[in-house]
Structure formats: C-alpha cells, structure tokens
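Numbers restart at 1 for each chain; the letters A, B, ... are given by sequence-line order, proteins then strands. None of these values were measured; they are calculated from a predicted model. Computed over heavy atoms, backbone and side chain alike; hydrogens, waters and symmetry mates excluded.
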Number of protein chains: 2
Amino acid sequence: MSHILDGPAPGARQAQKQKTRQALLDAALRLLEEQSLSSLGLREVTRAAGVAPTAFYRHFRDTADLGVALVEEALGSLHTTLVATLAATGDGEERITAAVDLIAAYVRAYPAHARFIAREQHGGVKRVREAIGAQLTLFAQEVAAQFAKEPEAAGWSEDDLLMLARMYVDHMVMTASALLETDDDGPVTDTARRQLRLVGLGRLHWLDAPALDEPVRGN
Amino acid sequence: MSHILDGPAPGARQAQKQKTRQALLDAALRLLEEQSLSSLGLREVTRAAGVAPTAFYRHFRDTADLGVALVEEALGSLHTTLVATLAATGDGEERITAAVDLIAAYVRAYPAHARFIAREQHGGVKRVREAIGAQLTLFAQEVAAQFAKEPEAAGWSEDDLLMLARMYVDHMVMTASALLETDDDGPVTDTARRQLRLVGLGRLHWLDAPALDEPVRGN
DNA sequence: AATCTCGGAGAACAGTTGTTAACTGCATGG
DNA sequence: CCATGCAGTTAACAACTGTTCTCCGAGATT
C-alpha cells in the first residue's frame, strides 16, 4: 500500500471517514435489493454497516441524501465508458452488439447498482428521481452529440437527434431492468438487439418521409 | 343489479364491505403519490381511510396484497380500450396519434393509477412487480395478436411481432411516466409521436434486411 | 322471533423508528 | 507537545409500527 498519494496533505483521517461512508453506501445498496429507498431506514442502514445510528448524520442528512450519492456512484463512471464505446464502433450491427454487451456487462458486474437505478428512476423519493433523470438526460445529450459527428446524421435536426438518443438511453434502462429479472441473458439480449435493429432501420429511412412539421390536424 | 352471480345471498351487507374496501384502495392510492408501496404502512392507510387499523385485515393480508388489487384496478379495464383503439384505426400516423392520445387521456384521468404502475413496475415488492409484469405481457400479446391480423404483418415471425408489440407497450409506460413529471403535455406527446413514427418506419423496412438469424460472430 | 355471521372497533403488546444530547478518543495543526 | 476538531459512541425520548385478542352490533338465515 503506497502512502505517498493519500498521506501528505489530505490526512489519513479522512480516509477512515470515507471508509465508513462507503460502508454505509454498500450496506444501503444491499438492503435496497429487496425494498425501495422510501422504506429504507436510517437505523437499518447503520446496523447493516456496523456503526452507531448517529454516525449516519456525519455523512448524510437523511436517506434521500444517501440515495443521491448512490446515483452518482452508479452512473457517474458510466459516461466515459458509454461515449467511448459509441466512438469506437461504427454504425449498424457492430454498434448494436457493442451497446447491448456493454449494458449486459454492467448489469452482471454491478447488479445492485443497476437495480437501484431502474427502481428509483420512478421511485417515491423526488430528489433521487430528479438526480437520475438529470443523469439520463446527460447521457442522451452525450449520445446525441456523438451521433451528430457521424455522416448518418446529415439532414437531422438537433431535436430529432436528441429524440433518437433518448430512445436509445431509455431502451438501455429497460433492457437492464429486464436482465435483472431473468437468469438467462440470452433471450433478453436477443430481443434488445432486434429492437435496436428496428430503431436503426427507422433511422435510416427517417428522411424518406414527407415533411411532418405540421401534420394534418383534421381529426 | 343481477343477484344471480354475486354469491349465495344478495346482501346489502356486502355493498358496505366493498365500500370500505374501496375507501382503503383510494386512501392507499393517494398516499402512494408521494412514496413507494414498500414504505406504505397498514395503519397509515386505515387512518387515511377513516377506519380502525384492524379493519384492514378483513380485506387484505398485508399492503403487498392491497398493491396487487391496485394493479388490477389500474390496468384491468384498459385491455378492451387498448385493443378497441388499435382495431378502430388503420396503420400509420392516424394510429400513432390515437395511441398517444389514449395514453395521455388515461394519465390525465387517472394520474394516481398511472403513477402507481410506473413506480411499482420496478418497485421493491415482488408480488406487485410480477402482477404488473404479467399485465404488460398480456397487453403485448394482445397488441401482437392485433398486428397479426393486418396485411403489414405479412412475412413477420410470431416472435418478431411480439418483440414489436412489447416495444410499443413499454414505450407507452415510458410516455405515461414522462407525462406525469411535466405539466405541459405538448413536448412529451410530440416526442412520443416521433418515436413511434421512427419505430413504424423501421417496421416498414424490417423485411428489407438480409437474414440475421445467424449473424456474423467474428468478434 | 331467535340465532348465527361477520365487518368493524377498541385496547394492549413488543418492537422499531428518527432525532437530540452529552460523551470519548484519536489524528492533526499550531 | 499540547490543544483543538471531529468521526463515532452511548443513552434516552416520544412517536409510530404490525399483530393479537376481545368485544360489539347490525345484516342474514332459519
């Protein structure tokens, strides 16, 4: 263990603090596999983490606050990975496989994190819902920005690109949730790939359609 | 009112029972607008319904049981409406508008029910999750069956039709959830229509693609 | 008219919750 | 080297939870 980077200025004291903080996050995440955040008790978490109830307040105001921290932990590191995956693959079937594999790998590596996001995306705690929504919107913007760089995006409005990107992002969350409720990934990833293929086909022919800016309102 | 099927005896007594049962369901649904089912307390519900805590047991074993009843109340009557809407409209833009309008009307008419479904679809109570999942699968099967009757489905495998239908159903739930978090339906329904248009375009060109039963595994 | 059924009320239980206050010990900065 | 800051502990609180048992009174049954 090197002491060079964590010792000098910061303090080995904060290391211990973040250690218990992480213990609280881990304990909470484990408990959240079988319940929702809005029913997660402060004492429940501290008990599972092996610390006194009052220690909780040194790190979080309440369980909603802890939930927001969990959102960052679950989604924060995914931005670079996602964008890198999209940038590294071309269009079409190759990219579809890469995207589905990415999410399947994530769900298998961090099932509790994935479950937490899928569950609390529409959950009962407003601040957490908003935090997840903001992250997903950010994902969509990043995906749209990546799309914009590619030749296939010629003629697309910014709004339509964002609409397309949101569809991909929302589909990822749906796929993750579906993966969590099965033990055989095969059928789920297969369906996910076919659905992405369908959207990709629609994308290819999007500009074939006549102008729909002001569709017939006769009805 | 027919008395033949209700049971052994008609009874104005059972009317009062179902009245309090409905009071419990209504009270629960109201409380669930700001929390998840897994944190919904039995006493909380009875207090809001204006009955004694012990009265709860005359109707439900626990709050999870009540949740399953809410799923039926929220989704049960929607099957006929959905199928009728699909059957009454042709393909293309007309059907897209009809479908989006249907879900927007539902969300506006029964916001608490819609919120409950969106929230508990991935929520912390297994039995309720399963009940919602079963209903949505049923929806998908009904939609797929309707699709199968139409000329556009020629050449489609049963599996692909179900995949397409699931996509529509899941997209409906997503749209409902998005509508619940905004007060201006315009942008949301607009995006939803464009996304459906995209999927519809993909559907039209689905058979153009080469056989993908055994895609290249070189990777 | 007498009896039975059963939805609902009331009281009490042991256990849990979030939050406050005052405390201990140790790493840290002067 | 000592005083300060602060992560974590202990104790206590009023409030709340799900559940059981007992009882009541008004339909329903005969």
Side-chain angles (χ1 to χ4, degrees), chain A residues 1 3-28 31-32 34-69 124-125 127-128, chain B residues 1-28 31-32 34-69 124-128:
Chain A
M1 324 283 186
H3 303 249
I4 309 174
L5 290 176
D6 21 46
R13 192 73 196 104
Q14 288 196 337
Q16 175 61 21
K17 174 168 184 178
Q18 280 184 336
K19 191 179 158 192
T20 44
R21 183 190 140 99
Q22 193 59 45
L24 288 171
L25 289 171
D26 292 348
L31 292 166
L32 285 172
E34 284 169 355
Q35 61 182 312
S36 307
L37 182 63
S38 78
S39 67
L40 187 70
L42 174 160
R43 297 184 97 107
E44 201 180 356
V45 176
T46 56
R47 194 185 314 131
V51 298
T54 49
F56 186 91
Y57 294 105
R58 303 287 183 191
H59 303 272
F60 309 103
R61 196 182 304 265
D62 46 34
T63 53
D65 205 37
L66 180 144
V68 173
V125 184
R127 287 171 52 207
V128 172
Chain B
M1 325 278 189
S2 81
H3 304 246
I4 310 174
L5 293 174
D6 294 327
R13 193 77 197 103
Q14 288 196 339
Q16 174 62 19
K17 174 168 184 179
Q18 280 185 336
K19 191 179 158 190
T20 41
R21 183 190 141 101
Q22 193 59 45
L24 288 171
L25 289 172
D26 292 348
L31 292 166
L32 285 172
E34 284 169 355
Q35 61 181 313
S36 307
L37 182 63
S38 79
S39 67
L40 187 69
L42 173 158
R43 296 184 96 107
E44 203 180 355
V45 176
T46 56
R47 194 185 315 131
V51 298
T54 50
F56 187 91
Y57 293 105
R58 303 290 184 189
H59 302 273
F60 308 104
R61 196 181 304 266
D62 47 33
T63 53
D65 206 35
L66 180 144
V68 173
V125 183
K126 191 173 184 181
R127 287 171 51 207
V128 172

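- In this structure, B:Q22 places its CD atom where more than 12 heavy-atom neighbours from other residues, nucleotides or ligands lie under 6.0 Å away.
- For A:T54 against D:dT10, a side-chain-to-base donor-acceptor contact under 3.5 Å is present.
- Here the side chain of A:A52 is nearest to one of C:dA9, D:dT10, D:dT19, namely D:dT10.
- Atom CZ of B:F56 and atom P of D:dT17 are 13 Å apart (whole Å).
- To the nearest angstrom, P of C:dA9 lies 14 Å from OH of B:Y57.
- With hydrogens and angles left out, the side chain of A:R43 and the base of C:dT19 share a donor-acceptor pair within 3.5 Å.
- Distances shorter than 4.0 Å separate some side-chain N or O of A:T20 from OP1 or OP2 on D:dG8.
- Spacing between atom CZ of A:R58 and atom C1' of D:dA7 amounts to 6 Å, rounded to whole angstrom units.
- In this structure, A:S36 contributes its side chain and B:G124 its backbone to a donor-acceptor pair below 3.5 Å.
- Taking atom CD of B:Q16 as the reference point, atom P of D:dC24 lies 21 Å away to the nearest angstrom.
- Within the 4.0 angstrom heavy-atom criterion, base atoms lie near A:A55.
- Nucleic acid contact class of B:R21 (heavy atoms, under 4.0 Å, all strands): none.
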Run B:V51 and B:H59 through side-chain contact (heavy atoms from CB on, under 4.5 Å) and show every step you take. CA-CA 12 Å; B:V51 298; B:H59 302 273; over 6 Å; no
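- You'll find that the side chain of B:E44 is closest to D:dT17, out of D:dT17, C:dT17, D:dA28.
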